[in-house]
2 protein chains.
Amino acid sequence: MASRPKATILDIAREAGVSKSTVSLVLQGSGLIRPETALKVRKAIEDVGYVYNRGAANLRKAHSNVIGMVINDLTNPFFAELAVGMERVFQSAGIVPFIANTAENPVRQEEVLKSLMEQGVAGLIVSPARGTTPGAFRRLETAGVPVVFAMRRLPDSRIPVIAPDNHRGAYLAAAHLIGKGHRRLAFFGGTSDLVVYQERLGGFREACETLGIARRDVLVVEGETSRRGGIACLETALAMPEPPTAALCFNDAVAFGVMLALRKRGLEPGADFAVVGFDDVVEAEHYMPALTSVSVDTAGLGERAAHVMLKMIQSRTTRAEDHIGAVNLVVRESCGPDRRTQNRPAGMGDAA
Amino acid sequence: MASRPKATILDIAREAGVSKSTVSLVLQGSGLIRPETALKVRKAIEDVGYVYNRGAANLRKAHSNVIGMVINDLTNPFFAELAVGMERVFQSAGIVPFIANTAENPVRQEEVLKSLMEQGVAGLIVSPARGTTPGAFRRLETAGVPVVFAMRRLPDSRIPVIAPDNHRGAYLAAAHLIGKGHRRLAFFGGTSDLVVYQERLGGFREACETLGIARRDVLVVEGETSRRGGIACLETALAMPEPPTAALCFNDAVAFGVMLALRKRGLEPGADFAVVGFDDVVEAEHYMPALTSVSVDTAGLGERAAHVMLKMIQSRTTRAEDHIGAVNLVVRESCGPDRRTQNRPAGMGDAA
DNA sequence: TCCTATAAATGGAACGTTCCAATAAATCAA
DNA sequence: TTGATTTATTGGAACGTTCCATTTATAGGA
């Protein structure tokens, strides 16, 4: 149980009758070593139960192979999808990304960033917590650690951003609702301290203006970006003298909450009140009714972010182009009484 | 941009006019240093933009403060909840846990474990991937790294396990269904290579036997532990000559799939076919109809696992007691036509 | 045969910390 | 004043790697 002092390359060297340098070379897969020697060394490695000490190695090598992923809300499946996309590309690059959750808490985020820096990360992909102060990433910048923002951005920072075209997505969604004949629209959920919020709300507003919806007929209700937030938003909206007949929600979680609240009131989402989500998480398709949502190709954005990160590390730069991902509206059943236009859920159960 | 060579304690020492040892002591918050000296040093640390090199420190200190969390499926909200529970306790211990996803892939799991070991983790909380080979954790054991299994266990290993009482949970659920008058029951989803599966199925079977359900009236359909798996299970079951009228699902994801498939066939979950889930993820309560499920207090188990881990590290042992968490059946709307017994979703929207 | 070129293996310094043992300074008892 | 004790500070040797500069072995060319 009480583990003996752990083996080092010197133990291996002794065991295999070679020098530590040779062992090091073998460990790095250098071609300079004679195959038979390499084999002998590898056997010794196995025998002594050696585990590589990356900390010691990093002491010489300047930068590690650890990439950190800092996520603001792990319980939102949306971010899990993002993470999965990133992992796909890191995996094929032989890198294991470490994920850390900040739970939307800037203080926690500071701790997490500090810890990752101390660990000597090679780069960081971050979806910053709400309320992140402008200076939070100064440390990283002065240390020259490559950072990429995913999905969210900070008001004015030079850090590259990988995000969907929020403005356009919201525009499309609003235009769709207006096209369905809705004249009193609402935007539900989110808070104005988020840049994403500004973008989505901006697209929504632009559509309303362009397509002739009077200013007083658009209602904006801020709220938590969760089911609970959606429920609250709907209650607020329906309490108005002239309530809206359709809503674009900040994200799918809010939309689910809205649909739930509608049902609670005996209203049918889609028929009695149109709701559109944003992000198109996997659940959207499986909801009842299936949720119309703005698809942002989450996993694709994750992959993109990972690629950008890899390139930054490789070229030792801390700069990169922003990348705005294409979006498209996936029309399902939750957005208006006209059901002729609905998409079928992607090929499952059709044979039954 | 091209970061100057990063500052070390020697730079700080020079800047503050003290020795490196003094700086080191300050960094560790030692009381041996005169407050004014400490202040001077701290100022220098700020000035040179120093970041602590934990790798170098670990070279001397033998054990790090990194704890790894290895999770088999990050996209299952269930595991996110588990992670959140653990984070709560680690946070208050000043530890930032690193999460890594294995995506239910044993090969990936090997890589992840290797990487974490090389990083010099102080301990590991693992929910092992399906198909993990018995030897996968031998390395960790010989290295003396404390490991705790969460939710899942391996057939015969001495590694402590934190998990819910699967047998009892399944028993309760089955008994409930039988109490509702169901006589032909099914168990949906999961595969027999999982110990959890054996446990849950075991409880289910015991209830059936004890409460007088004939062997030929219980149907077991293995399948993926996902929505998709649930859909498939239902299709299979309904194709039988005498299909079941109720099912206990391996987990909530499967249950959601089953409900979806029922709807697709024009059947109403709850009224036409009773379905019970397992895990009681947050969505269960918000589903339509709300899902009856076995609640396992996921976050609580996460906390427990973290506590056990902390204790193991502290006492330098690799052994600990198993911990089997209490479960209880949360009856909602998805399990039978008798709606008088249903629970109300926890206090939201009641005022409307 | 000797010389050169290439291949394979090696010793030692460095990386940024910690911590022990030692020193220097300050305080106290006599 | 001196010596003993306490309080602050410090130098140096680790820790486990990498990598440069060397050395040693092997092969090829004349």
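Letters A, B, ... mirror the listed sequences (proteins, then strands); counts begin at 1. All values reported here derive from a predicted model rather than from experimental measurement. Every heavy atom of this structure was used, including side-chain atoms; hydrogens, water molecules and symmetry mates were not.
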With a 4.0 Å limit, can you tell me whether A:Ser19 has a side-chain N or O closer than that to the phosphate oxygens OP1/OP2 of C:dA9? no
Run the side chain to side chain donor-acceptor pair (under 3.5 Å) check on A:Thr132 and A:Gln109 step by step: do they pass? CA-CA 8 Å; A:Thr132 299; A:Gln109 182 173 265; 3.0 Å; yes
Would you mind building the protein contact string for nucleotides 18-26 of chain D? One character per nucleotide, 5' to 3', B for base within reach (heavy atoms under 4.0 Å), S for sugar-phosphate only, - for untouched. BB-------
Here the distance between atom P of C:dA13 and atom CG of A:Leu59, to the nearest Å, is 17 Å
Which comes earlier along DNA chain D counting from the 5' end, the contact point of A:Tyr50 or that of B:Val18, where each point is its nearest nucleotide? B:Val18
Is it the case that the side chains of A:Asn72 and A:Ser127 hold a donor-acceptor pair, with the cut-off being a distance below 3.5 Å and no angle test? yes
To the nearest 10 degrees, the angle between the two end axes of the helix from C:dT1-D:dA30 to C:dA30-D:dT1 (five pairs per end) comes to 50°
Just list the side-chain donor-acceptor pairs under 3.5 Å for residues 95-103 of chain A, sequence neighbours left out, or say none.
{"residue": "A:Asn101", "atom": "OD1", "partner": "A:Leu74", "partner atom": "N", "Å": "3.4"}
{"residue": "A:Asn101", "atom": "OD1", "partner": "A:Ala103", "partner atom": "N", "Å": "3.1"}
{"residue": "A:Asn101", "atom": "ND2", "partner": "B:Glu87", "partner atom": "OE1", "Å": "3.0"}
{"residue": "A:Thr102", "atom": "OG1", "partner": "A:Ile71", "partner atom": "O", "Å": "3.3"}

side-chain contact (heavy atoms from CB on, under 4.5 Å) evaluation trace for B:Leu124 with B:Leu140: CA-CA 9 Å; B:Leu124 243 33; B:Leu140 280 297; 3.5 Å; yes
Rounded to whole angstroms, how far apart are CD1 on B:Ile12 and P on D:dT10? 14 Å
Give the intermediate values and the outcome of side chain to side chain donor-acceptor pair (under 3.5 Å) for residues A:Glu111 and A:Ser115. CA-CA 6 Å; A:Glu111 292 171 9; A:Ser115 179; over 6 Å; no
Between D:dT17 atom C1' and B:Glu118 atom CD, what is the distance in whole Å? 12 Å
Whether the side chain of A:Glu46 engages the backbone of A:Arg42 through a donor-acceptor N/O pair (distance < 3.5 Å, no angle test) should be reported. no
Audit row: B:Thr142, B:Phe137, side-chain contact (heavy atoms from CB on, under 4.5 Å) steps and yes/no: CA-CA 9 Å; B:Thr142 66; B:Phe137 291 88; over 6 Å; no
Can you find a side-chain donor-acceptor pair between B:Thr22 and B:Ser19 that sits under 3.5 Å? yes
Short side-chain N/O contact to D:dT9 OP1/OP2 from B:Arg34, under 4.0 Å: yes
Answer yes or no: does atom CZ of B:Arg108 have more than 12 heavy-atom neighbours from other residues, nucleotides or ligands under 6.0 Å? yes
Nearest whole angstrom, please: distance from the P of C:dT23 to the CG of B:Leu32. 18 Å
Atom pair distance, as rounded to whole Å: CZ in B:Arg14 and P in D:dT10: 14 Å
